[in-house]
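What follows is a single structure, written as C-alpha cells, with notes after it.
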Amino acid sequence: MAPTTAKTGSAKGGKGASKRSTKPSTSSSSLKGKKAGSAKPTSKPSQLKTKSASTSTKKKKPPHMRYTEKELKVPQLNGIRPAGVLKPPNAKKGKNFVDDKDSMNAILAMVMAEKEGNIESKMMRARQLEEVREARKLEAEKRAESKKAGFEERKQDIKEHKKKRQVTVGDAVADEARESKFSKMAKKPKKRVSFG
Amino acid sequence: MRPLTDTETKTLFTKLAHYTGRSLNNLLTDTAPSTTTTPTSQPDRYVFRIQKDRVYYVRESLANLATSIARDSLLSLGTCLGKFTKTGKFRLHITALDVLAPHARYKVWVKANGEMPFLYGGHVVKAHVGRWSEDVPEHQGVVVMSMSDTPLGFGVTARSTGEARRLDPTGIVTFRQADVGEYLREEDTLFTT
C-alpha cells in the first residue's frame, strides 16, 4: 500500500511541478510582454503629463474669464454679523493645539515669570513676617527682663527691709536691757513687803 | 494621542515650574542623542503628547511612529509625566521624577535613617533632614534626594526654611507627594490607564 501511494504522490507532484513550471512561465512572460509592450511605459508618463497640463490650464483661465466677485454687478448681501455670533464662519473649529517650539516657549516664559513673581512675593512676605516676629520677640524679651529686674529689686528690697527690722528689733531689746540695768541702778529699790 | 492644547500646556508648565527653576526651558530645547550617522538630518526634539488623560514626554520621531497604532491599543510611550483630572488639574506621577530632578530649584537631602520612612510613604520630618536649600518659601515644591544625590521623590514644603529651623525634631518639614517606593506599592495601577 505504502509504495503505491508514494508513487502516486510522486507522480502527481511531478505533474504538478511540471505544470507549474511550464504554465506560469508562459503566462507570465506573455502577460508581461503584453503589458510592457503596450500600456505601461508609454501610457503612464503621458497620462501624467496630460493631467498636469490639464490642471495647469484649469488654474489659468482665459483673460475674459478672469474676474472677481466684486466685478460682477451682483447686489450686496446683508453682511451684518449678529451680536451673538463671535466666531467668523471660516475660523478653526475645535481645540487649538500647541506643538511648535515658539508658542510653547512663549507659554513657558509667561508661566515662569508668574511663578518667579509668586516666589519672590512669598519670600518677601516671609522675610517681612520674620522681621516682625524678631522685633516682637526682642520686645517680649526686653519686657520679661525688665519684669525680672523689677522682681529682683523688690525681692532685694524686702530682704533688706527684713534685715533692717531684725536689726532694729534686736537693738531695741539690747537697749532695753541696758537701759533697765542702768535704770535699776538709778531707780529706787523695789518696794518690799515683809511680815517679819 | 494628540498634542496638548494651549490651556493644557499652561497647566502642565505651571505644575512643572512649581518644582523646577529656569532650566525648565531645557525640556523644550533638549534633543535626543542622534542614532543616525548622517549629520544633515535634524536632531530629534522632545514633545508632549496626551493619550487618554495621561501626558507623555516623548521623542518626536517616536510620537510620529505611534500614530500608526490605534488609540485604544496604545498603552504608553515615552515618559509619563502625569495625568489630567476631570476638573482640568494636572497630577504629577512619580515617573516624572527623572524629568524633574535635573532641573529642580529647591531640594531636601534626607539622611540614611530617613530614606526608608520616606520610601514607605511617610512625610519628611526634621530629624531626618540632612540639609536643605536656603530660602525656600512655604508650600513650595521640592525634590527629595538621598545624601548621595539620588532623587527619591518630590513633595511640598510644610514650613519655610526659617520656620523649619525652629521646629522640633518630630515636626514635618516636607509633605510627600510621590516617592520611588510607588513603583512597588502602586505596581498594579501605576501604568494602567
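All figures in this text were calculated on a predicted structure; none of them were measured in a lab. Each chain gets a letter, A, B and so on, in the order its sequence line appears, and its residues count up from 1.
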Quiz item: Quick one: are V55(B) and L12(B) in side-chain contact, heavy atoms under 4.5 Å?
Solution: yes
Quiz item: Is the shortest heavy-atom distance from the side chain of V144(B) to the side chain of D179(B) under 4.5 Å?
Solution: no
Quiz item: Quick one: what part of V98(A) sits under 4.5 Å from any heavy atom of chain B, side chain, backbone, both or neither?
Solution: both
Quiz item: Going by heavy atoms in the side chains, are R91(B) and T85(B) under 4.5 Å from each other?
Solution: yes
Quiz prompt | Any side-chain heavy-atom pair of M1(B) and L74(B) under 4.5 Å | solution = yes
Quiz item: H123(B) side chain to I172(B) main-chain N or O, any donor-acceptor pair under 3.5 Å?
Solution: no
Quiz item: Does any non-hydrogen side-chain atom of L16(B) lie less than 4.5 Å from one of L92(B)?
Solution: yes
Quiz item: Within the distance-only criterion (no hydrogens, no angle test), does the side chain of T95(B) pair as donor or acceptor with the backbone N or O of C80(B) below 3.5 angstrom?
Solution: yes
Inter-chain donor/acceptor N,O pairs below 3.5 Å: chain B to chain A:
residue : atom : partner : partner atom : Å
L4(B)   : O    : V98(A)  : N            : 2.9
D6(B)   : N    : N96(A)  : O            : 3.4
R45(B)  : NH2  : D99(A)  : O            : 2.8
R49(B)  : NH1  : D99(A)  : OD1          : 3.1
R49(B)  : NH2  : D99(A)  : OD2          : 3.2
R105(B) : NH1  : E116(A) : OE2          : 3.3
R105(B) : NH2  : E116(A) : OE2          : 2.7
E138(B) : O    : K122(A) : NZ           : 3.0
R166(B) : NH1  : E130(A) : OE2          : 3.1

Quiz item: Which region of L4(B), side chain (C-beta onward) or backbone (N, CA, C, O), has a non-hydrogen atom less than 4.5 Å from a non-hydrogen atom of chain A, or is it both or neither?
Solution: backbone
